[in-house]
Amino acid sequence: MSEVKLSAQTRTEFGKGAARRIRRDNKVPGVLYGHGADPLHLTLPGHDLLLALRTPNVLIALDIDGESNELAIPKAVQRDPLKGFLEHVDLQLVKRGEKVTVEIFVHTEGELAPGGNLLEHVLNALPVETEATHIPESVTVSVEGLEAGASILAKDIPLPSGTTLAVEEDTVVLQVLASQAEESTGGEESEGAEA
């Protein structure tokens with residue numbers, strides 16, 4: 001996992017008006033918190049932050065006011081529901097070597113057994129505990145040849161070294177459902193047509 005470097009400035013103005021002014025300047029208001037420290041209110045570059053957030057669980061190296069360098073991971077991102085631009089971001093302070101709990105995406109590969117079965121993602125993202133500077137982007141699991149009724153549990157998913165599950169091992173992550181073909185019922189319609 002690579003680090004993305006961003007320059008941030010501390011902010012002293014709060015409220016809707018201040019947030020709107022920050023967004024007009026193509027920047028995003030944010031809060032950095034963690035390790036028992038007081039929350040630090042920041043202004044981040046909008047476009048660079050948007051590009052950084054395209055990587056799941058990205059590690060952000062913050063240069064705050066040119067004085068201090070901190071590592072953070074995104075915890076909550078608020079977007080405008082219509083236009084999609086970033087409205088606010090919450091960042092969690094992390095340190096090298098520290099373990100963090102994050103969710104990583106579960107990708108599948110392979111084809112299910114013939115018969116029109118459906119694959120249900122019970123969990124789209126798997127909660128794991130891993131070292132802050134080595135967060136995997138995703139995990140891949142094979143569903144090749146699985147039949148209806150089969151399921152893949154959290155303990156069945158191969159995790160990178162240094163990464164452990166943050167859910168019960170018996171948690172269902174994927175399951176295969178039988179297709180439900182609609183049966184045609186022509187006999188019922190003809191009963192109502194009799195005179």
Side-chain angles (χ1 to χ4, degrees), residues 1-15 18-19 22-23 25-81 84-107 121-141 153-169 171 173:
M1 167 179 235
S2 61
E3 291 180 19
V4 175
K5 296 182 189 302
L6 293 179
S7 295
Q9 292 81 39
T10 53
R11 63 185 163 103
T12 54
E13 288 187 308
F14 306 102
I22 290 170
R23 287 187 209 106
D25 291 339
N26 203 14
K27 296 184 179 180
V28 178
V31 176
L32 176 67
Y33 62 91
H35 295 288
D38 290 336
L40 185 60
H41 298 271
L42 302 171
T43 300
L44 300 151
H47 183 70
D48 294 341
L49 180 62
L50 184 66
L51 293 176
L53 292 176
R54 288 187 177 173
T55 303
N57 296 317
V58 64
L59 184 65
I60 300 173
L62 292 171
D63 177 15
I64 302 171
D65 294 329
E67 297 175 4
S68 65
N69 293 311
E70 302 288 354
L71 290 176
I73 56 174
K75 271 312 200 186
V77 178
Q78 296 173 6
R79 295 178 184 270
D80 180 90
F85 62 83
L86 296 174
E87 288 188 334
H88 189 273
V89 65
D90 287 345
L91 301 170
Q92 180 182 347
L93 190 63
V94 295
K95 301 216 180 295
R96 294 188 190 281
E98 174 186 9
K99 292 271 190 176
V100 294
T101 301
V102 295
E103 291 186 342
I104 57 175
F105 291 109
V106 178
H107 296 290
H121 287 259
V122 179
L123 291 179
N124 287 324
L126 184 65
V128 296
E129 186 176 74
T130 187
E131 202 262 314
T133 56
H134 293 93
I135 299 173
E137 288 184 22
S138 64
V139 290
T140 303
V141 63
L153 305 177
K155 66 181 177 185
D156 300 329
I157 296 178
L159 296 174
S161 64
T163 302
T164 58
L165 291 173
V167 294
E168 295 292 326
E169 290 184 347
T171 302
V173 179

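Hydrogens, waters and symmetry mates are skipped; everything else that's a heavy atom, side chains included, is used.
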Less than 4.5 Å apart, any side-chain heavy atom of [X] and any of [Y]?
X      : Y      : value
Thr164 : Val128 : no
Val141 : Val106 : yes
Val94  : Leu59  : yes
Val4   : Leu51  : no
Leu44  : Leu62  : yes

Are the side chain of [X] and the backbone of [Y] linked by a donor-acceptor contact shorter than 3.5 Å?
X     : Y      : answer
His35 : Leu93  : yes
Asn26 : His47  : no
Asn57 : Glu103 : yes
Arg79 : Leu86  : no

Nearest 0.5 angstrom please: [X] [atom1] to [Y] [atom2], how far?
X      : Y      : atom1 : atom2 : value
Lys99  : Glu129 : NZ    : CD    : 6.0 Å
Thr130 : Leu165 : OG1   : CG    : 11.5 Å
Glu98  : Ile73  : CD    : CD1   : 8.0 Å
Lys95  : Glu70  : NZ    : CD    : 5.5 Å

Work out which heavy atom in [X] is nearest to a heavy atom in [Y]; give both atom names and the distance.
X      : Y      : result
Val139 : Pro158 : CG1-O, 3.9 Å
His88  : Asp90  : CE1-OD1, 3.0 Å
Pro45  : Leu6   : CG-CD2, 4.2 Å
Ala166 : Thr101 : CB-CG2, 3.9 Å
Thr133 : Arg96  : CG2-NH1, 3.5 Å
Gly30  : Arg11  : O-NH2, 3.3 Å

Over 12 foreign heavy atoms within 6.0 Å of [atom1], [X]:
X     : atom1 : answer
Tyr33 : OH    : yes
Asp38 : CG    : no
Lys5  : NZ    : no

Which is it for Asn69 and Asp63 under the side chain to side chain contact (heavy atoms under 4.5 Å, CB included) test, yes or no, and what are the steps along the way?
CA-CA 5 Å; Asn69 293 311; Asp63 177 15; 3.6 Å; yes
Start with the C-alpha gap between Ile64 and Leu32, add the side-chain angles, then the distance that decides, and say whether side chain to side chain contact (heavy atoms under 4.5 Å, CB included) holds.
CA-CA 11 Å; Ile64 302 171; Leu32 176 67; 4.0 Å; yes
Checking side chain to side chain contact (heavy atoms under 4.5 Å, CB included) between Val173 and each of Val122, Leu126, Val167, Asn124, which is the one that passes?
Leu126
For Leu153 and Glu169, what are the C-alpha separation, side-chain angles and deciding distance, and is it a side chain to side chain contact (heavy atoms under 4.5 Å, CB included)?
CA-CA 7 Å; Leu153 305 177; Glu169 290 184 347; over 6 Å; no
Yes or no on side chain to side chain contact (heavy atoms under 4.5 Å, CB included) for Val31 and Leu91, after CA distance, side-chain angles and deciding distance?
CA-CA 6 Å; Val31 176; Leu91 301 170; over 6 Å; no
